[in-house]
Amino acid sequence: MRPNVLYRLLLVCCLLPGLAPAQETAADSVPAYQALADSLAKVNRVHGPYVGFNGETTNQYRNFLQLTETASEGQLLELCNHDNAVVRAYAFWGLARNQFTRLDSLLLAHARDEAPVSEVQGGVITRIPLVDFMQWVVDPNMMDTRSKKLDPAVIRRLAELRFADR
């Protein structure tokens with residue numbers, strides 16, 4: 001074969017894949033917020049901003065921040081009903097961080113959500129009911145200062161609903 005023909009043949013072989021329409025993969029069809037929720041569920045622990053004895057920020061926490069920044073209010077509300085309790089925890093925390101106006105109603109709606117979640121702060125891992133984590137997020141004396149804090153009357157009402165018939 002002459003070099004000119006060989007050059008053209010190589011050029012065509014290299015360009016054809018780029019000209020073909022892109023095929024959508026299963027990963028491409030998943031909305032970004034859902035992919036973040038899936039990654040949070042896979043780790044299945046709530047990480048605070050500083051984890052371990054070195055106080056490192058984990059990918060889990062960075063994914064939470066990204067979810068909070070990119071998901072819409074409606075998407076975060078949807079994730080508050082996710083099958084995975086860690087995803088529900090992060091979605092609620094994200095709404096609190098975004099100063100969601102109906103956070104009190106959302107908290108009260110989850111008054112009986114006793115699903116266990118593992119939470120990591122520093123070098124300590126605790127396993128608590130999801131509703132306790134949610135309460136910690138909104139309690140004026142606890143946790144993240146950037147999250148919306150609720151009136152103590154809401155916290156009292158939460159306890160009433162949670163333990164009403166026990």
Same apolar cluster: [X] and [Y], side chain cutoff 4.5 Å:
{"X": "Phe133", "Y": "Met142", "answer": "yes"}
{"X": "Tyr61", "Y": "Leu95", "answer": "yes"}
{"X": "Val120", "Y": "Leu67", "answer": "no"}

Nearest heavy atoms of [X] and [Y], plus distance in Å:
{"X": "Arg127", "Y": "Ser118", "value": "NH1-OG, 3.3 Å"}
{"X": "Ala89", "Y": "Leu130", "value": "CB-CD1, 3.3 Å"}
{"X": "Ala111", "Y": "Val131", "value": "O-CG2, 3.7 Å"}
{"X": "Ala85", "Y": "Pro116", "value": "CB-O, 4.1 Å"}
{"X": "Arg97", "Y": "Ser147", "value": "CG-OG, 3.8 Å"}
{"X": "Leu79", "Y": "Ala91", "value": "CB-CB, 3.6 Å"}

Kindly indicate whether the side chain of [X], heavy atoms from C-beta on, has any atom under 4.5 Å from the side chain of [Y].
{"X": "Asn81", "Y": "His110", "answer": "yes"}
{"X": "Val138", "Y": "Lys148", "answer": "no"}
{"X": "Gln60", "Y": "Val86", "answer": "yes"}

How many angstroms lie between atom [atom1] of [X] and atom [atom2] of [Y], to the nearest 0.5 angstrom?
{"X": "Thr101", "Y": "Gln99", "atom1": "OG1", "atom2": "CD", "value": "10.5 Å"}
{"X": "Trp136", "Y": "Ile128", "atom1": "CH2", "atom2": "CD1", "value": "4.0 Å"}
{"X": "Gln135", "Y": "Ile155", "atom1": "CD", "atom2": "CD1", "value": "4.5 Å"}
{"X": "Asn63", "Y": "Thr68", "atom1": "CG", "atom2": "OG1", "value": "10.5 Å"}
{"X": "Arg62", "Y": "Ser39", "atom1": "CZ", "atom2": "OG", "value": "12.0 Å"}

Candidate pair Arg162 and Asp132, rule salt bridge (charged side-chain N to carboxylate O under 4.0 Å, His left out), full reasoning: CA-CA 11 Å; Arg162 185 176 176 190; Asp132 284 351; 2.4 Å; yes

Given Tyr33, Phe92, Trp93, the one that forms ring-ring contact (aromatic ring centres under 6.0 Å, His included) with Phe64: Trp93

N/O donor to acceptor pairs below 3.5 angstrom from side-chain atoms of residues 40-57, sequence neighbours left out:
residue	atom	partner	partner atom	Å
Asn44	OD1	Asn84	ND2	3.0
His47	ND1	Thr58	OG1	2.8
Thr57	OG1	Pro49	O	3.0

Check: Asp139 side chain, Asn141 main-chain N or O, donor-acceptor pair, under 3.5 Å: yes

Distance-only check: which donor-acceptor pairs under 3.5 Å involve side-chain atoms of residues 102-109, not counting sequence neighbours?
none

